[in-house]
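From a predicted model like this one, the values you see are computed outputs, not experimental measurements. The figures here come from the full heavy-atom set of this structure, side chains too, leaving out hydrogens, waters and symmetry mates.
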Amino acid sequence: MIKVLFFAELEEIVGSREIIIDQSQMSVNEVKEYLKAKFPTLAVDRAMVAVNEEYAEDADLVKKDDVVAFIPPVSGG
């Protein structure tokens, strides 16, 4: 299983800080597609993605027991 964490407005849209995907391996892009199908208003393409606390690209693999975090863009002034 793969743990997925959400922050800020992404957490509000999902209604939870984390979900579990019952898969042993997926690419980051497959995780994004899974989330877009489950939560159509979730803007995962705009979010930064980290796997096990390191930024990741769409082609990177996510394996069983990994933690994937979606971090929305931050703006400041």
Side-chain angles (χ1 to χ4, degrees):
M1 67 185 177
I2 297 167
K3 182 188 286 187
V4 182
L5 302 177
F6 303 98
F7 298 94
E9 69 261 21
L10 301 177
E11 179 181 352
E12 292 175 21
I13 292 168
V14 171
S16 177
R17 187 174 191 124
E18 69 179 61
I19 67 167
I20 300 295
I21 300 176
D22 191 23
Q23 296 287 327
S24 59
Q25 182 172 303
M26 303 172 83
S27 69
V28 168
N29 191 56
E30 289 172 326
V31 172
K32 287 181 176 181
E33 293 302 317
Y34 174 90
L35 294 172
K36 287 191 276 188
K38 191 169 176 85
F39 307 101
T41 60
L42 194 65
V44 292
D45 289 327
R46 292 186 350 197
M48 297 293 296
V49 181
V51 176
N52 298 329
E53 300 183 7
E54 293 190 18
Y55 287 114
E57 302 291 329
D58 283 353
D60 290 344
L61 289 180
V62 180
K63 298 177 183 151
K64 178 182 173 195
D65 298 328
D66 282 349
V67 177
V68 182
F70 285 87
I71 306 152
V74 177
S75 62

Name every donor-acceptor pair, under 3.5 Å, that has one atom in a side chain of residues 56-68 and the other anywhere in the protein, sequence neighbours excluded.
| unit_1 | atom_1 | unit_2 | atom_2 | d |
| --- | --- | --- | --- | --- |
| Asp58 | OD1 | Lys32 | NZ | 2.7 |
| Asp60 | OD2 | Glu57 | N | 2.8 |
| Asp66 | OD1 | Asn52 | ND2 | 2.9 |
| Asp66 | OD2 | Lys63 | N | 2.7 |

Val44 and Phe39, any side-chain heavy atoms less than 4.5 Å apart: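 SC-SC contact between Phe39 and Val44 ruled out.
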Step-by-step side chain to side chain contact (heavy atoms under 4.5 Å, CB included) determination, Phe70 to Val31: CA-CA 11 Å; Phe70 285 87; Val31 172; 4.0 Å; yes
Let me check something: any side-chain donor-acceptor pairs from residues 4-23 under 3.5 Å, sequence neighbours excluded? List them with distances.
| unit_1 | atom_1 | unit_2 | atom_2 | d |
| --- | --- | --- | --- | --- |
| Ser16 | OG | Glu18 | N | 3.3 |
| Ser16 | OG | Glu18 | O | 2.8 |

Heavy-atom closest contact (Lys36 atom, Glu33 atom, distance):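 The pair with the smallest heavy-atom distance is NZ-OE2, 3.0 Å.
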Cluster link Val51 to Ile71, ILVMFWY, side chain under 4.5 Å: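 Val51 does not cluster with Ile71.
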